[in-house]
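Numbers here are sequence positions counted from 1. Keep in mind the model is a prediction, meaning the values are calculated, not measured.
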Amino acid sequence: MLRSALTEEYSQFIAVYGRRRVGKTFLIRETFDYSFDFQFTGAAKTSSRKQLVRFRNALKEHGQNDTPELTNWGDAFGELKRFISGLSYGKKVIFLDELPWMDTPRSGFLSELEAFWNGWASARKDLVFIVCGSSTSWMVKKIIKNKGGLHNRLNHRIALKPFTLGLCEQFCASRGIQLTRRQILEAYMVFGGVPYYWSLLRRGVSISQEIDRLIFAEDGELHDEFEMLYASLFSRPQNYIKVIEQLAQKRKGLTRLELIAYGGFDDNGALSEILDDLEWCGFIRSYNMVGYAEKMKIYQLLDHFTLFYYDFVKGTRHGSNYWTSLLGTPRYNTWCGLAFERACLWHIDQIKDKLGISGIATCEYAWKYAGDKKSGIKGIQIDLLIDRSDGIVDLCEIKDYMDPFPISAEYALELDRRRRVYADVTKTKRAVHTIMITSEGLVNNNQWKQIQNEVTLNDLFKTL
């Protein structure tokens with residue numbers, strides 16, 4: 001998409017956004033071979049006056065030595081227009097990185113950006129204008145879903161997402177790091193698919209050693225990453241972290257009303273904005289369960305690194321081999337089971353592909369039923385439910401097991417009970433299938449025939 005912008009007849013306005021460390025700037029620089037007609041990067045927590053001084057210096061570094069002092073962003077974009085007008089014939093690539101940091105309070109940056117594009121740049125045929133930012137919420141609200149002068153002005157938007165397991169495997173191979181798929185899964189359950197985190201891994205060292213070195217060592221590159229991650233994305237990170245802390249305690253998620261009750265939040269637009277921002281940034285997801293009202297929407301924390309921080313880092317002291325010492329313990333095994341569930345939620349497309357339903361519209365969510373004491377029906381909880389538009393509901397049971405998982409006769413009865421309870425409670429007219437998602441597959445025993453389909457770790461590694 002970025003390369004094709006160079007061949008378009010008219011000027012192109014492209015926004016690239018995504019969470020911190022996901023590789024936005026790297027992607028853009030690599031695409032254009034680190035060669036831009038003009039490039040400027042905003043600075044965090046810097047006043048408008050200092051940003052303008054830096055913008056002026058950037059213009060001078062790119063060859064416009066007679067750039068005067070800039071008093072406001074109107075002056076800055078005026079000088080940028082003068083600079084572009086003096087460039088030679090042909091496509092000109094202009095790259096403004098970390099755009100949200102330029103929009104300091106009362107700076108007027110956004111209105112001048114609108115005027116620059118609408119009143120001048122869009123009328124030309126020779127510009128590729130790329131803006132980028134890690135504050136996904138700002139990029140979405142101010143650029144992607146702008147209701148003012150930039151409404152529907154973008155030619156393209158690129159939401160850059162973390163790597164899947166398959167891409168992490170390819171990335172390791174490209175760097176000569178030899179790991180089994182189980183080891184890649186362990187790293188993924190800690191780092192997620194954030195490319196920068198994976199770039200820190202070294203060859204010839206185990207994943208557990210690297211987790212100790214990067215996160216638990218006091219001088220580790222990711223020792224303070226949690227604090228920097230949220231501080232770089234939100235101007236008031238404390239309120240966001242407060243929501244994250246509540247969600248970290250309830251792995252299946254909380255409704256808005258539960259968040260208000262547990263966290264002491266006010267039921268107002270500020271909480272809605274925080275939840276929207278966190279979802280846009282990819283830290284949480286929201287979903288509705290069938291049979292529940294819209295106000296019962298559930299918010300679930302999905303970010304691997306954040307959850308690992310709350311599980312093992314926050315509030316504890318660690319030795320140099322802390323993570324390695326946990327391997328194989330009950331605490332480690334419990335974490336693996338929960339983290340594998342989250343990894344599956346990041347790979348819904350791969351699961352659908354294995355089930356042969358890639359082209360079918362679906363909704364995916366967890367589902368629970370508290371039970372009924374009067375009738376004696378025990379409650380159930382479904383790890384992942386895939387509600388399909390072709391008349392089928394897939395109830396997915398997720399099991400992380402080091403060997404092929406044996407479905408015992410007792411467990412088979414429980415799976416059948418869950419299927420029947422779901423059908424009875426929801427009064428669904430759809431066929432209800434039981435699907436097993438396991439790390440190492442299933443033992444082909446007498447109970448295996450009860451399962452309609454199975455998905456394994458290898459299936460999650462498929463790149464689509």
Side-chain angles (χ1 to χ4, degrees), residues 1-2 16-24 26-27 30-31 134 136 157-201 207 210-211 222 229 279-285 287 300-308 336-360 362-366 383-384 386 394 396 398-400 435 437-441 453-464:
M1 191 180 293
L2 291 170
V16 182
Y17 60 104
R19 61 163 288 165
R20 168 183 162 94
R21 309 292 205 186
V22 81
K24 302 176 298 297
F26 182 83
L27 168 69
E30 286 287 318
T31 300
S134 292
T136 305
R157 61 184 187 181
I158 299 174
L160 202 59
K161 297 181 180 180
F163 285 170
T164 59
L165 281 165
L167 291 175
C168 290
E169 182 178 49
Q170 291 180 30
F171 185 51
C172 287
S174 74
R175 302 183 65 241
I177 299 175
Q178 297 179 358
L179 299 171
T180 67
R181 286 189 163 178
R182 179 71 201 188
Q183 291 165 341
I184 291 173
L185 173 64
E186 180 181 0
Y188 190 89
M189 294 191 301
V190 176
F191 302 122
V194 180
Y196 173 73
Y197 300 163
W198 286 82
S199 73
L200 300 175
L201 299 180
I207 290 298
E210 289 297 78
I211 293 170
L222 301 179
L229 176 61
E279 190 163 8
W280 281 329
C281 290
F283 293 114
I284 70 173
R285 70 163 184 155
Y287 63 90
Q300 183 181 20
L301 179 58
L302 282 185
D303 184 66
H304 287 281
F305 188 84
T306 298
L307 282 161
F308 185 81
C336 283
L338 294 170
F340 183 57
E341 287 183 22
R342 291 192 296 273
C344 291
L345 293 177
W346 280 98
H347 292 78
I348 295 295
D349 289 342
Q350 283 76 12
I351 293 171
K352 288 180 61 176
D353 180 76
K354 174 58 187 300
L355 298 178
I357 57 173
S358 295
I360 296 174
T362 61
C363 295
E364 306 88 27
Y365 45 85
D383 298 328
L384 171 64
I386 303 177
D394 290 327
C396 301
I398 303 174
K399 295 292 183 182
D400 180 55
I435 308 297
I437 304 176
T438 62
S439 44
E440 298 297 330
N453 211 329
E454 62 175 299
V455 181
T456 69
L457 176 61
N458 285 338
D459 298 319
L460 301 184
F461 272 81
K462 186 172 181 179
T463 54
L464 303 174

- Query: Say you draw a straight line from OG1 of Thr463 to CD of Gln350; how long is it, rounded to the nearest 0.5 Å?
  - Reply: 8.0 Å
- Note on the structure: For Ser358 and Asp353, the nearest pair of non-hydrogen atoms, with its separation, is OG-CA, 3.1 Å
- Under 3.5 Å, is there a donor-acceptor pair linking the side chains of Thr362 and Glu364? yes
- Verdict with supporting geometry, Lys399 and Thr438, side chain to side chain contact (heavy atoms under 4.5 Å, CB included): CA-CA 5 Å; Lys399 295 292 183 182; Thr438 62; 4.1 Å; yes
- Search all heavy atoms of His304 against all heavy atoms of Phe191 and return the closest pair with its distance. CB-C, 4.4 Å
- Query: Which of parallel (below 30°), tilted (30 to 60°) and perpendicular (above 60°) describes Phe305 and Tyr197?
  - Reply: tilted
- Task: Spell out, as yes or no, whether a donor-acceptor pair under 3.5 Å connects the side chain of Arg19 to the backbone of Thr136.
- Result: no
- Message: Using every non-hydrogen atom in the two residues, find where Cys344 and Leu460 come nearest and quote the distance to one decimal.
- Response: SG-CD1, 4.0 Å
- Item | Shortest non-hydrogen separation from Gly337 to Asp400 and the atoms involved | CA-CB, 4.1 Å
- Message: Distance check, rounded to the nearest 0.5 Å: Lys352 atom NZ versus Leu464 atom CG?
- Response: 11.0 Å
- Any chance you could measure Phe26, atom CZ, to Tyr196, atom OH, to the nearest 0.5 Å? 13.5 Å
- Are any of the side-chain heavy atoms of Ile357 and Asp394 separated by less than 4.5 Å? yes
- Task: Flag yes if more than 12 heavy atoms outside Arg157 fall under 6.0 Å of its CZ atom; otherwise flag no.
- Result: no
- Task: Could you tell me the separation between the CD atom of Glu210 and the CG atom of Leu222, rounded to the nearest 0.5 Å?
- Result: 10.5 Å
- Message: Whether the side chain of Lys24 engages the backbone of Gly18 through a donor-acceptor N/O pair (distance < 3.5 Å, no angle test) should be reported.
- Response: yes
- Task: Please state whether the rings of Trp198 and Tyr188 are parallel, tilted or perpendicular, taking 30° and 60° as the class boundaries.
- Result: tilted
- Heavy atoms of Leu185 and Leu165 approach each other most closely as CA-CD2, 4.1 Å
- Task: Let me see the working for Ile435 and Leu384 under side chain to side chain contact (heavy atoms under 4.5 Å, CB included), right down to the final yes or no.
- Result: CA-CA 10 Å; Ile435 308 297; Leu384 171 64; over 6 Å; no
- Task: Work out which heavy atom in Phe163 is nearest to a heavy atom in Cys168; give both atom names and the distance.
- Result: CB-SG, 3.7 Å
- Task: Please test Leu338 against Leu307 for side chain to side chain contact (heavy atoms under 4.5 Å, CB included), starting from the C-alpha separation and ending with a verdict.
- Result: CA-CA 10 Å; Leu338 294 170; Leu307 282 161; over 6 Å; no
- Give, for atom CG of Leu345 and atom CG of Asp383, the distance between the pair rounded to the nearest 0.5 Å. 9.0 Å
- Nearest-0.5 Å distance that lies between atom CD1 in Ile158 and atom OH in Tyr17: 10.0 Å
- Hey, does Val22 have a side-chain heavy atom less than 4.5 Å from the side chain of Pro195? yes
- Between Ile386 and Leu355, is a side chain to side chain contact (heavy atoms under 4.5 Å, CB included) present by the stated rule, with each step listed? CA-CA 11 Å; Ile386 303 177; Leu355 298 178; 4.1 Å; yes
